[in-house]
Amino acid sequence: MVSCCAAAALLVTVSCGSETHDSGTEVNSSTEISGQVVVFTAASLTDVFGTMATAFEAEFPGAEVQLNLAGSSTLREQILGGAPAGVFASADERNMEVVGSAGELGSTPAIFARNSLQIAVPASNPGGVTSLADLADPDLFVGICAEGVPCGDFARMVLDASGVEASIDTNEGDVRALLTKIEADELDVGIVYATDVASSAGVAGIKIPREVNVEVRYPIATLAAAPNPGVAEAFVAFVLSPEGQDIIVAGGFGSA
Amino acid sequence: MSGLSARVIVQRGDEFSLDVEIQIEAGQTVALLGPNGAGKSTLVGALAGLIPLDSGRIVLNGTVLDDAQADVFVPPEKRRLGIVFQDYLLFDHMNVLDNIAFGPISRGADRSTARMSAQRWVDDLDLAGFEDRKPPELSGGQAQRVAMARALAAEPALLLLDEPLAALDATTHVRLRRMLGEHLAECHAPRLLITHEPTDAFLLADHVYIVEGGRITQAGDPDQIRRHPATPYVADVAGTNLFAGVSERGTIAIDGTRFTLHAADTSVSGAVLVTVHPRAVALHPTEPHGSPRNTWLATVDGVEQLGDTTRVLLDGPIRLAADITPNAAEALGLRPGLDIWAAVKATEISISAA
Amino acid sequence: MTSESGRRSIRRHPPAVFIVLGVLGALIFVVPLLGLLKKTPWSDLPELLTSDIVLDALRLSIISSVAATAIALVLGVPLAWLLARVEFPGRRFVRAVVTLPMVLPPVVGGAALLFALGRRGLVGGPIYDVTGFVLPFSIWGVIIANTFVAMPFLVITVEAAFINLDQRFEGAAATLGASRLTVFRRVTLPMIAPSLAGGLVLTWARALGEFGATATFAGNLQGRTQTLPLAVFVSLESDRGAAIAISLVLVVISLVVLIGLRDRWWLR
């Protein structure tokens with residue numbers, strides 16, 4: 001999925017580039033913050049955290065942010081396996097809890113972004129999809145994320161809540177893979193994050209009623225084994241700061 | 001119209017070209033004798049249809065197989081040739097019987113008919129008991145006979161033998177040459193033997209072409225060529241004096257004469273072939289004394305100049321050629337009709353079982 | 001010529017540096033396997049191995065890997081022959097393109113297949129418009145993805161064999177009256193058989209382990225497109241024990257086939 005992520009990242013960078021954030025922040029003064037921090041970032045945050053890292057480095061010229069991008073569960077395994085992570089930004093709370101109960105966290109997780117699910121269809125909507133009920137149509141090509149992957153678990157919660165017996169054709173390994181197939185018009189409909197619909201030019205979104213939708217909360221925390229705890233703390237603070245939250249909102253997420 | 005008539009012109013790179021013309025009548029064995037690199041394999045390739053002619057024409061029994069000008073080209077599988085290749089090229093993944101049956105099956109015979117005809121060749125060529133062997137399990141002589149059987153089973157309109165004896169050790173070589181001679185006589189097609197061994201050519205062929213550097217330098221029957229070599233190469237390898245005789249502990253009675261030669265080699269008894277290189281024959285104005293075991297009085301039949309060598313043809317109890325230096329020839333005052341003493345050391349007499 | 005039984009065998013120790021480096025080399029493969037075995041939930045294994053997800057994936061994996069190998073045989077051998085024996089313009093380019101899937105990340109290959117053979121794809125589009133047939137999200141998609149990724153192994157192995165084959169044997173067969181197809185069937189193919197067998201085993205093994213292109217092109221649905229590697233990937237997210245059990249199935253199948261075939265035909 002490297003190629004499509006790069007394309008999506010480009011789109012978002014262009015859309016956010018015009019906005020400038022020069023408001024003062026309350027975090028520590030730049031002189032004390034220097035060195036590298038590795039941020040384990042859920043793949044769905046690829047675009048916003050790219051922008052976030054650039055802004056952070058502009059704020060603290062001595063600091064350097066490295067993003068390690070993967071699915072939240074993969075990141076969890078890497079952290080538990082002893083990877084030298086400074087910060088963990090997860091796309092769901094469950095994986096954060098697992099890391100926390102293993103005693104690997106250096107701070108209490110804080111919610112920094114919110115998201116919800118949307119029905120995504122190709123821009124031309126060839127299947128004529130209007131609501132969740134259409135996912136039960138066996139003639140349509142329907143895709144969701146696989147079980148165990150956050151977007152897959154959330155999608156199943158939404159389907160259960162709405163009582164739709166979806167006629168699924170594929171369980172994709174991650175949300176980007178799912179999005180690619182919808183963009184390519186190979187799937188008629190899928191359930192993805194609202195942010196994905198916002199960042200993709202090739203898909204159109206159909207809102208899911210609030211009563212059956214889920215509120216996805218993104219927690220962030222420093223890690224106990226952070227090699228450079230000062231920078232890690234500064235990064236988390238920056239994400240939660242008004243400047244950081246502006247970037248989150250610009251990426252289509254709900255703010256903390 | 002029967003037989004082979006070929007003018008073969010093939011250009012190989014900038015360095016080498018083959019340009020030869022050969023005729024073979026049905027039932028005739030013709031040898032093409034030449035050193036390595038003379039273009040012999042190229043000729044085989046051209047006749048087989050594996051190398052197209054650049055110019056010239058090949059006609060077999062009235063059918064044009066290749067004509068560069070008229071743009072006629074019959075592919076190899078339609079030429080009905082039997083070829084015994086240099087290293088036999090037997091199919092290692094098939095047993096002996098299937099190798100021999102390959103030609104008949106390829107030409108449309110059903111499997112059982114093909115095997116029956118293959119079995120006949122197995123018996124003819126003394127291969128019974130080896131039908132189920134794979135070629136890697138055969139001796140050189142057996143492999144050669146399988147190659148021969150495979151070529152003959154295809155009922156060829158032309159039999160090509162490309163160095164059929166080259167891969168064999170000396171003893172097997174002699175034995176198989178005799179066998180080959182017998183089987184050649186059974187095949188009624190025109191037969192072309194490609195070889196660099198003068199003895200093979202002279203013993204097996206009715207007519208010999210000498211090829212050097214892609215050109216035919218001499219053609220004639222074996223005796224003619226032996227006695228009148230046209231080039232230094234022919235004089236060197238083809239001018240070899242060759243006799244048949246019967247050996248008993250080194251004393252050899254030459255067939256058709258009452259003459260005997262003495263050889264240092266006493267290991268072979270019975271029918272033998274004797275070769276004496278012309279350079280090993282010394283000439284003396286008076287009867288020599290000392291080491292040579294073989295001396296006799298001969299008559300000069302002819303004197304020929306071949307580059308740096310003078311070839312003296314001798315008549316007498318046996319006919320043979322001697323190569324001496326021009327200076328020696330002058331000193332001896334050689335001329336036809338002169339009587340002169342010939343001497344050959346016993347160690348220079350080579351014998352092999354016939 | 002072939003009898004070596006009479007030869008005296010002289011025992012010599014291999015150089016120590018070869019032993020040390022060779023053992024290290026082998027450990028690279030053995031240690032991960034031990035890791036897998038250590039984490040295997042042995043007591044749950046019978047239940048895990050007979051679960052629907054494993055049985056479905058096993059069936060799909062066997063069907064698709066064997067079908068891909070068969071397609072590679074039918075299409076790959078003639079392609080290898082053309083590449084080895086026929087001079088045509090762009091031959092080097094074609095040769096490079098054929099081996100591209102070996103270096104391309106499989107996911108990229110899968111995306112390329114999607115853009116070419118999907119229902120809106122370059123070739124798949126017209127096919128869908130006329131027949132309504134859709135390759136992705138079906139077993140055909142899995143087979144195509146497997147073939148795409150695995151066939152290069154057959155083509156390069158067999159092409160090398162065609163190049164190295166002494167063509168005089170084919171010439172000899174032709175002079176005996178065999179047509180070109182007969183020569184190919186009765187001489188060429190049997191002579192390259194060891195390489196062909198090796199190529200087929202490599203192709204099959206690659207197809208069996210194929211994940212990225214399949215997931216991207218054919219999707220992932222239990223019983224329809226979910227092969228063993230995809231089942232491993234999905235289970236890794238939800239049920240690690242099942243993931244390891246399925247991996248074990250893959251390992252066992254591969255080892256049995258590779259050990260069985262490799263020594264017999266490939267290395268001879």
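This one's a predicted model, so the numbers in the text were calculated from it and none came from an experiment. Naming convention: chains lettered A, B, ... in sequence-line order (proteins, then strands); numbering from 1 in each chain.
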_With heavy-atom distances below 4.5 Å as the criterion, would you say the side chains of B:F102 and C:V187 are in contact?_
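Result yes, sub-4.5 Å side-chain heavy-atom pair found.
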_Side chains of C:R168 and B:F85 in contact at under 4.5 Å (non-hydrogen atoms)_ =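 The answer is no, as the side chains (C-beta and beyond) never meet within the 4.5 Å cut-off.
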*Go through the atoms of C:S179 and report whether side chain, backbone, both or neither lie under 4.5 Å from a heavy atom of chain B.*
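For C:S179, backbone heavy atoms alone lie under 4.5 Å from chain B.
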Taking atom [atom1] of [X] and atom [atom2] of [Y], what is their separation to the nearest 0.5 Å?
X	Y	atom1	atom2	result
C:T175	B:L81	OG1	CG	6.5 Å
B:H93	C:L189	NE2	CG	9.5 Å
C:Q167	B:L50	CD	CG	10.5 Å

Closest approach of [X] and [Y], non-hydrogen atoms and distance?
X	Y	answer
C:R186	B:M94	O-CE, 3.4 Å
C:A172	B:R150	CB-NH2, 4.2 Å
C:F169	B:F91	O-CE2, 3.6 Å

_Taking every non-hydrogen pair under 4.5 Å, which of C:L176, C:D166, C:T182 racks up the most with chain B?_
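Heavy-atom pairs under 4.5 Å are most numerous for C:L176.
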_Can you tell me which of C:A174, C:G171, C:P190 forms the most heavy-atom pairs within a distance under 4.5 Å of chain B?_
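Greatest number of close heavy-atom pairs with chain B: C:A174.
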*Identify which part of B:I105 has an atom lying under 4.5 Å from any heavy atom of chain C, answering side chain, backbone, both or neither.*
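Side chain of B:I105 only, per the 4.5 Å heavy-atom cut-off to chain C.
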Is [X] atom [atom1] crowded by more than 12 heavy atoms from other residues, nucleotides or ligands, each under 6.0 Å away?
X	atom1	result
C:R180	CZ	no
C:F88	CZ	yes
C:M102	CE	yes
C:L181	CG	no
B:Q119	CD	yes

